[in-house]
Amino acid sequence: MSNVHELNYLKEEIDALKNAGTFRKLATLQGANGPVVMLDGKEVINMSSNNYLGLATNEEMKKAAIEAVEKYGVGSGAVRTIIGNMDIHEKLEEKLAEFKREEATMVFQSGFNCNAGAIQAITSKGDLIISDSLNHASIIDGVRLSRADKAIFQHSDMEDLEKVLKEKRENYKNCLIITDGVFSMDGDLAKLPEIVELAEKYNAMTYVDDAHGSGVLGENGRGTIDHFNLHGRIDFSIGTLSKAIGVIGGYVAGSKVMKEWLINRGRPILFSTSLPPAAIAAATKSVELLMESSEYTDRLWDNAKFFKEKLGKLGFNTGKSETPITPVIIGDEAKSLEFSQKLFDNGVFVSPIIFPTVAKGTGRVRCMISAAHSKENLAKAVDVFEKVGKEMNLI
Ligand SMILES: *Cc1c(COP(=O)(O)O)cnc(C)c1O
């Protein structure tokens with residue numbers, strides 16, 4: 001008889017993943033997440049991080065983190081409601097509200113746990129959640145945790161969204177439409193102006209997860225809602241402090257009522273320790289840097305434009321991205337994996353993305369451009385793309 005502690009049922013699943021070619025191992029960085037990194041002992045240009053503005057290694061933010069550690073220690077000591085709530089937590093929330101041009105913000109420990117906590121807190125039995133088919137995994141999990149009924153609309157298909165609203169809205173008390181602001185695999189934007197119109201027409205609330213839009217789109221990185229000038233018309237605006245902001249954390253921006261409710265019913269606020277002082281201070285400094293200057297976002301967009309133009313001229317298919325996310329669509333899954341491996345061998349790290357993360361036959365590598373890349377980094381990466389692309393007959 002086999003020993004249950006050998007976890008054979010998991011080993012079988014792992015073997016199945018290996019047979020399917022979808023088993024994952026972790027690569028390891030030997031040092032900071034910058035534009036050029038040491039990855040598994042090899043120096044490569046890093047086109048696989050969400051550190052859009054290069055702020056993960058910003059000197060002023062590091063200094064703010066160190067000072068906070070000196071004054072406040074390394075841990076916050078408790079969940080927010082039983083005094084893991086320091087003046088620096090409140091200062092960050094005030095700064096963020098000012099930045100996002102909203103009444104209030106509520107900070108969570110990550111973007112993931114913000115969705116897991118907020119969606120279930122603001123919906124209940126008798127409500128309806130309508131969610132875009134390509135929404136992020138943390139939204140899907142957040143929706144699962146809610147006791148509301150759920151419906152999906154086809155990705156960015158406004159006719160389908162209206163169909164769901166028309167068929168179902170009147171059977172429910174509250175209705176919440178949830179969408180990513182920026183879809184991370186293709187870099188396309190949600191059709192927020194249309195979504196808001198439909199929400200207003202059918203008396204529904206809106207919830208926008210702008211993890212890839214905050215720090216990237218809008219004035220000085222205020223996000224997708226600012227980009228479309230929809231302030232005051234989105235009920236729940238979610239952002240992350242982990243990507244462009246360069247640290248860790250997530251938040252909901254919106255009304256004071258939202259904040260009061262999440263303090264009382266947001267489970268990660270009530271049952272998980274708040275972010276440590278170093279993270280809070282660094283994130284606050286990051287928001288201050290963005291409010292002071294557009295230099296970071298300007299450089300990001302300039303770099304993205306430069307890189308996209310060059311790849312397009314070489315004949316690569318960079319899809320329909322409207323953001324610095326630059327997919328290079330190959331199609332075939334195995335070829336996408338091979339392309340990524342050969343780019344790595346030639347000094348450029350770009351993640352391959354294949355089914356089931358994206359639809360079958362749309363395998364790709366996804367280039368994440370950062371303000372921290374120098375033009376030399378980008379030009380070298382373009383040369384490597386050209387060399388490997390020609391070797392593999394992709395261009
Ligand atoms: C990355 C991401 C998250 C998770 O944010 P973390 O702060 O890394 O936990 C949530 N939603 C979307 C759309 C994301 O892209």
Side-chain angles (χ1 to χ4, degrees), residues 52 96-97 99-105 111 114-115 118-119 122-123 128-136 139 143 151-170 172 174-240 243-244 251-255 258 290 294 297 300-301 304-305 308 319-325 327:
Y52 285 107
L96 262 179
F99 179 59
K100 298 294 285 190
R101 301 188 166 125
E102 298 284 350
E103 231 175 64
T105 62
C114 180
N115 283 327
I119 297 170
I122 59 175
T123 56
L128 175 66
I129 298 173
I130 309 179
S131 182
D132 186 286
S133 61
L134 292 189
N135 276 346
H136 189 258
I139 294 178
V143 171
I152 306 286
F153 66 98
Q154 288 311 308
H155 173 54
S156 281
D157 182 338
M158 294 300 106
E159 276 178 29
D160 199 36
L161 172 58
E162 179 151 28
K163 191 165 151 254
V164 176
L165 284 162
K166 212 179 253 168
E167 273 172 19
K168 305 198 171 197
R169 172 65 187 99
E170 65 181 11
Y172 292 92
N174 295 313
C175 175
L176 181 67
I177 302 170
I178 306 187
T179 181
D180 281 17
V182 174
F183 291 87
S184 59
M185 294 305 149
D186 287 294
D188 55 321
L189 303 187
K191 293 180 180 156
L192 286 189
E194 288 98 322
I195 290 175
V196 166
E197 297 257 315
L198 285 172
E200 287 169 359
K201 181 170 168 194
Y202 289 90
N203 191 27
M205 299 181 293
T206 43
Y207 182 110
V208 177
D209 179 354
D210 208 23
H212 281 277
S214 43
V216 175
L217 284 146
E219 188 194 352
N220 294 19
R222 281 174 170 79
T224 311
I225 292 162
D226 188 74
H227 169 80
F228 285 119
N229 197 17
L230 291 169
H231 291 291
R233 295 173 74 189
I234 303 283
D235 299 282
F236 305 96
S237 158
I238 282 64
T240 174
K243 288 175 174 146
Y251 60 88
V252 190
S255 64
M258 167 282 292
L290 290 188
S294 66
T297 45
L300 169 65
W301 283 92
K305 188 162 164 265
K308 264 190 211 170
K320 53 182 176 171
S321 172
E322 300 165 80
T323 64
I325 296 170

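At most 12 heavy atoms of other shown residues, nucleotides or ligands fall within 6.0 angstrom of atom CD in Glu159.
Between the side chain of Asn135 and the main chain of Asp180, a donor-acceptor pair closer than 3.5 Å is present. A distance-only check finds a donor-acceptor pair linking the side chain of Ser133 to the backbone of His155 [under 3.5 Å]. In terms of modelled atom types and a separation under 3.5 Å, the side chain of Trp301 and the main chain of Leu217 share no donor-acceptor contact. A donor-acceptor distance shorter than 3.5 angstrom exists from the side chain of Asp160 to the backbone of Gln154, with no hydrogens or angles considered. Side-chain atoms of Lys308 come within 3.5 Å of backbone atoms of Thr323 as a donor-acceptor pair (strictly under, hydrogens ignored). The main-chain N or O of Thr224 is found under 3.5 Å from a side-chain atom of Asp210 such that the two form a donor-acceptor pair.
Within the 4.5 Å cutoff, no side-chain heavy atoms of Cys175 are placed close to those of Asn203. Contact check for Leu161 versus Ile177: side-chain heavy atoms found under the 4.5 Å cut-off. Taking the side chain as every heavy atom from C-beta outward, Phe153 and Lys163 never approach each other to under 4.5 Å. Two residues are said to be in side-chain contact when any heavy atoms from C-beta on lie closer than 4.5 Å; Ser237 and Val208 fail this criterion.
A pairwise comparison of heavy atoms in Met258 and Thr105 identifies CE-CA, 4.4 Å as the closest pair. Minimum interatomic distance between Ser255 and Ala104 (heavy atoms only, all atoms of both residues): O-CB, 3.8 Å. Shortest non-hydrogen contact noted between Leu290 and Gly215 is CD1-CA, 4.2 Å. What you find for Ser214 and Gly239 is that their closest heavy atoms are OG-CA, 3.9 Å. Contact detail for Asp132 and Ser156: the closest heavy-atom pair is OD2-N, 2.8 Å. The two atoms that bring Arg169 and Tyr172 nearest to each other are NH1-O, 2.9 Å, heavy atoms only.
Contacts of Glu197 classified as salt bridge (charged side-chain N to carboxylate O under 4.0 Å, His left out), with partners at least two apart in sequence or in another chain: Arg233. Take Lys320 and apply the salt bridge (charged side-chain N to carboxylate O under 4.0 Å, His left out) test, not counting sequence neighbours, and it matches no residue. Remark: Asp235 engages no residue in a salt bridge (charged side-chain N to carboxylate O under 4.0 Å, His left out) (not counting sequence neighbours). Judged as a side-chain hydrogen bond (donor to acceptor under 3.5 Å, both in side chains), and not counting sequence neighbours, the contacts of Asn115 are Ser138, Tyr207, Asp209. Every salt bridge (charged side-chain N to carboxylate O under 4.0 Å, His left out) that Asp186 has, sequence neighbours left out, goes to Arg364.
The ring pair (Phe, Tyr, Trp, His ring centres under 6.0 Å) analysis of residues 209-236, with sequence neighbours excluded, yields the pairs Tyr52-His212.
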